[in-house]
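Below, chains carry the letters A, B, ... as their sequence lines are ordered, and counting in each starts from 1. These numbers were taken from a predicted model, which means no experiment stands behind them.
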Amino acid sequence: MNKIVTRFPPSPTGSLHVGGARTALFNWLYAKKHGGTFILRIEDTDKERSTQESTDTILDSLRWLGLSWDEGPFFQSQRAEIHWSFVQRLLNTGHAYWCACTPEELEKKREMAMKTGGKPKYDGACREAGLARRPGAVVRLKAPMTGVTSFTDAVKGAIAFDNAELDDLVIWRSDDTPTYHLAVVADDIEMGVTTIIRGDDHVSNTPRQILIYEALGERPPFYAHVPMVLGADKKRLSKRHGAASVTEYREMGYLPAAVLNYLARLGWSSGDQEFFTLTDLVEKFSLENIGRAAGVFDPGKLLDLNGEHIRATPTAELVAPFALHMKRLGIEISDEKHTLAVIETLKIRSKTIVEMAEKALFYYKDPAEFDDKARKCLVPALAAPVTELLARLKETDFSDHSRLEAAFSAVMEAHNLGFGKIAGPVRAAVTGRTASPGMFEMLSALGREKTLSRLEAALKLMA
RNA sequence: GGUCCUAUCGUCUAGCGGCCCAGGACACCGCCCUCUCACGGCGGAGACACGGGUUCGAUUCCCGUUGGGACUACCA
């Protein structure tokens, strides 16, 4: 078999959608798995809606996800000569013709056809007219009117369309630009694309494109149509369903690995395995295991998976994203070793890096206030033991958990208290809340100085 | 309307004729662990859309019905 070439062709009309990201991932995985090439092509032929900003965020999202491309990015808008040369090939071989029907006329005919129960397709008025190029004219493909166009889809199996259902589609516009179908086919041929993995909203477009390949005398590529990603209401996923773009997940503190893992599992599976690293995915991915039905995007499951990835990621790799989100909270991270200790205490209790950053705040700033439940832990009855603990802690080595533990034990014994009793006010004093990492690892990461000053401050409230 | 695609717990899915009175994961509900919060462990509730076939035997194959989706542009 020849070398595999896949491609991801986003339109720069917005940010990278999670559905698009999944398509990109599948193409990337398939290329990687087979030692092939993954091409990035920006389909910016719609001048009205394409923006440079969109292109930038799409590239940015792809980089963040780690889906690097081997070739490109190519910009379709810069390839007009190539597209035109394909149209000429078609014109010269009699597989295409100039059509002078105006959009208004066509619209009228469509309406008429609809009313009389006919098909709203082009009636072929100029098909045999032998028109020459003229202002305002378009080029149409001279498609077969009978027969069947079929293909074998890697995920859906055999699919066939009656050519009678298709019409002579426009391939070159009156403003001298190619239409989508022509541009895609021309570019895919020209770039040597062998396998097209795309959303199944393109299934009905496939026969039209195959017809172009055939008219050109080229062999169509292999197709794999991946089912759509839906929102909770089973409608196509959009902004209305909440976060739908990759950048939003980055902002919310998700790890690329988790997003990729989730996206891969939405519509694809490998037995009962749920957790995958990128390496796993490359190894296990296959078109055959892509499901056929559309799937609902479940933010809750992504969240859980993100927590799993955070736990599975070496702490050192969490420092950069953590520092980024701390910075947004106004905290500048400098001491790497200390940061490692901080993250270590928060890893298993954070589902996102944003959550981790918020939970880490108390390590850097004294609690400005105590929440209600924490306030209730600061009772006068416990002032004495806390005072004694404070005294002992002054002499304790904070880097050693067992020393900290010994200090607590001594106080517990002297005052005949359970650990929970003494931990309550300490936790409240140190964090301002009633939820925190384990006491000793926390105090150790916090350090003696801050611990002591916070206990002193809390003691005043306990009097 | 026409054409095409599609249908297993609320959600993502395993299942590729008997291993399934259907397995895993998220969410949910109990219990356990426990200094809090998490993590983890154990248990519970929860699905083969419906109707016909084919077959000794259908979740699995075929045909309908119904539901969902896509396409039907000089948008991609």
Phosphate OP1/OP2 of A76(B) contacted by T45(A) side-chain N/O (<4.0 Å): yes
H401(A) side chain to E441(A) side chain, donor-acceptor N/O pair below 3.5 angstrom: no
Between C37(B) and C28(B) - P atom distance, rounded Å: 16 Å
Atom-to-atom span, CD of E107(A) to P of C74(B) - whole angstrom: 9 Å
Interatomic distance at C1', A49(B) relative to U8(B), whole Å: 10 Å
Ring-face cation contact, W84(A) with R133(A), 6.0 Å cut, 45° max: yes
Ring geometry between F440(A) and F419(A) (parallel below 30°, tilted from 30 to 60°, perpendicular above 60°): tilted
Length of the line joining D304(A):CG and G24(B):C1', which is rounded to integer Å: 13 Å
Any-strand Watson-Crick or G-U partner of C19(B), both distances under 3.5 Å: none
Pair assignment for G10(B), Watson-Crick or G-U wobble, requiring both distances under 3.5 Å: C26(B)
Atom pair distance, as rounded to whole Å: NZ in K359(A) and C1' in U36(B): 11 Å
5'-most by nearest nucleotide on RNA chain B - F161(A) or C101(A): F161(A)
Span that lies between the P atom of C48(B) and that of C9(B), in whole angstrom: 7 Å
Position toward the 5' end of RNA chain B (nearest nucleotide), E274(A) or G424(A): E274(A)
Short side-chain N/O contact to A38(B) OP1/OP2 from R311(A), under 4.0 Å: no
Candidates A25(B), C37(B), U6(B) - which lies nearest the side chain of R292(A): U6(B)
Contact under 4.0 Å: S269(A) side-chain N or O vs A14(B) OP1/OP2: yes
Distance, C1' atom - from U55(B) to C63(B), rounded to whole angstrom: 16 Å
Ring-face cation of R140(A) near Y122(A) (centre distance under 6.0 Å, axis angle within 45°): yes
Nearest listed nucleotide, side chain of A293(A), among C37(B), C74(B), U6(B): U6(B)
G-U wobble or Watson-Crick pairing nucleotide for C31(B) (cut-off 3.5 Å, both distances): G41(B)
Under 4.0 angstrom between K347(A) side-chain N/O and C39(B) OP1 or OP2: no
Spacing between F440(A) atom CZ and U34(B) atom P, to the nearest angstrom: 15 Å
Partner nucleotide of G1(B) by Watson-Crick or wobble geometry (both distances under 3.5 Å): U72(B)
Euclidean distance, atom NZ of residue K421(A) to atom C1' of C35(B) [Å, nearest integer]: 12 Å
Full working for side-chain contact (heavy atoms from CB on, under 4.5 Å) between R292(A) and D200(A): CA-CA 9 Å; R292(A) 284 141 306 170; D200(A) 73 4; over 6 Å; no
